[in-house]
Amino acid sequence: MIQDIGGWMEELAGRLEKIFGSRLLFLGLQGSYGRGEAWEDSDVDVVCVLDRLDRADMEAYRAAVGQMPDARLACGFLCGLEELTRWPGYDLLALLLDVKPVRGDMGKYVRLPGREAARQAVEIGAANLYHALCHGYLYGGRDLEGLREGCKAAFFLLRMTWYLETGVWPPTGRALQTVLEEPLTGVLPAAIQDAAAEILSAFCNWESPSAGDYSRRFDRLFALADGLLSHYSPKDLEACTDAVSL
């Protein structure tokens, strides 16, 4: 685990500025290190935007990151400016809300997508979680550790759901857990909120035995994915005008 993530990012910024100069438009940090909730095995999610990007730039960036302490922890998002402006809104929204700037201002290049992008992010996130749970249960080892990624995905999904409904982006998992545990918030249907609160507790206190066994965690995750799909996805299949005759 990197103890001084601010210093680590400053060192990386210096290395990249030497290589790319003014071509480095933005550098930031997202993920658990950005939230101040990193675990021992957490990745360092770096966001980097150049004026353009080709394979030679990727090689140079890879070499710079490879020289960093704990380089094995580095991952993240690298792109050129033109690609950033064309990025799907639902994914761009999460990136802009989550990233902490180290160099530059992402807002100079792209605008924050609106409510429809947030709704799409929730719908797609719920579908992806539902599929991952089904696949893991049928073909995975059904071990408790295997659900850790599911709880992590649920956190991202619930964070976006809260933003969709309230316009507030919870800065940390703990902050989201706090608001979800408040009774009668009226933001989400009761069944979804109950499952969400329990899942967030497991996510924030993963090592605690009180977080539950595999079956309990799986059932709550599955209920959450199913509930959000039902709540936010179109309910009238006849409204789909591009029907395919089989």
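Numbers here simply count residues along the sequence, with the first being 1. Just so you know, these numbers come straight off a predicted model, no measurement behind them.
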Looking at Y214, does the NZ or CZ of R142 lie under 6.0 angstrom from its six-membered ring centre and within 45 degrees of the ring axis? no

So, do Y109 and F26 have ring centers that fall under 6.0 Å from each other?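 No.
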
Would the F77 and W87 ring centres measure less than 6.0 Å apart?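 Yes, the ring of F77 comes within the 6.0 Å limit of the ring of W87, centre to centre.
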
Do [Y] and [X] meet the salt-bridge criterion of a basic N to acidic O distance under 4.0 Å?
X	Y	answer
R119	E116	yes
R23	D57	yes
R72	D43	no
E83	R52	no

Only one of Q193, R217, R220 forms a side chain to side chain donor-acceptor pair (under 3.5 Å) with E198, so which one is it?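 Of the listed options, the one satisfying the test is R220.
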
ILVMFWY network linking V102 to I19, side-chain heavy atoms under 4.5 angstrom: yes

Would you sort out whether L25 and F20 count as a side chain to side chain contact (heavy atoms under 4.5 Å, CB included), showing the intermediate values? CA-CA 9 Å; L25 303 182; F20 297 110; over 6 Å; no

Check: S215 and F218 side chains under 4.5 Å, non-hydrogen atoms: no

Would you say that Y61 contacts L24 through its side chain, given a criterion of any heavy-atom pair below 4.5 Å between the two side chains?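 Side-chain contact under 4.5 Å: no.
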
Taking atom CG of L96 and atom CG of L84, what is their separation to the nearest 0.5 Å? 7.5 Å

